[in-house]
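Below, all heavy atoms of this structure are taken into account, side chains as well, without hydrogens, waters or symmetry copies. Numbering starts at 1 and runs along the sequence shown.
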Amino acid sequence: MGTCLAYDPARARLHTLNATSWLLLTLCDGRPRAAIAAEFNDALRSLPGPAPEQGAFSRGLEQLAALGLVTTAANPHASMQTRKDTPP
């Protein structure tokens, strides 16, 4: 249906992600930010239709981090990781 639901158990919140945020979330697997950006741009170039607006990558990562769905290092070139909670 073009929608991803992401549950944050630490905050007991359910988030609805659009396709762009969904793609970003799946790419945040511990790789450096530059590698994620390159794959993100490659994926978008392969899709039909208009290109996303300038800055979609950075804004998307910022929003995912603000929701607590990814963790980022202070260094913008550091790796990005999807936050994974483990049971106590």
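Heavy-atom minimum distance, W22 versus L17: N-CB, 4.2 Å. The two residues S58 and R33 come nearest to each other via the heavy atoms OG-NH2, 3.2 Å. For A6 against L25, the heavy-atom pair with the smallest separation is CB-CD2, 4.5 Å. When all heavy atoms of F40 and L23 are compared, the pair lying nearest together is CD1-CD2, 3.6 Å.
Of the inter-residue distances, the one linking F57 atom CZ with E39 atom CD reads 10.5 Å to the nearest 0.5 angstrom. Rounding to the nearest 0.5 angstrom, the gap separating the CG atom in L24 from the CD1 atom in I36 is 8.5 Å. Rounded to the nearest 0.5 Å, atoms OG (S21) and CG (L64) are 5.0 Å apart. How far CG of L69 is from SG of C28: 10.0 Å, rounded to the nearest 0.5 Å. Rounding to the nearest 0.5 angstrom, the gap separating the CG atom in D42 from the CG atom in L27 is 10.0 Å.
Partners of T20 according to the side-chain hydrogen bond (donor to acceptor under 3.5 Å, both in side chains) rule, which considers only residues two or more places apart in sequence or in another chain, do not exist here. The side chain to side chain contact (heavy atoms under 4.5 Å, CB included) search around T16 returns T3, L5, not counting sequence neighbours. Contacts of A35 classified as side chain to side chain contact (heavy atoms under 4.5 Å, CB included), with partners at least two apart in sequence or in another chain: R31, P32.
The stretch residues 55-68 participates, sequence neighbours left out, in these salt bridge (charged side-chain N to carboxylate O under 4.0 Å, His left out) pairs: E53-R59.
Side chain of R13 to main chain of L67: no donor-acceptor pair is present (N/O by atom type, distance under 3.5 Å, no hydrogens or angles).
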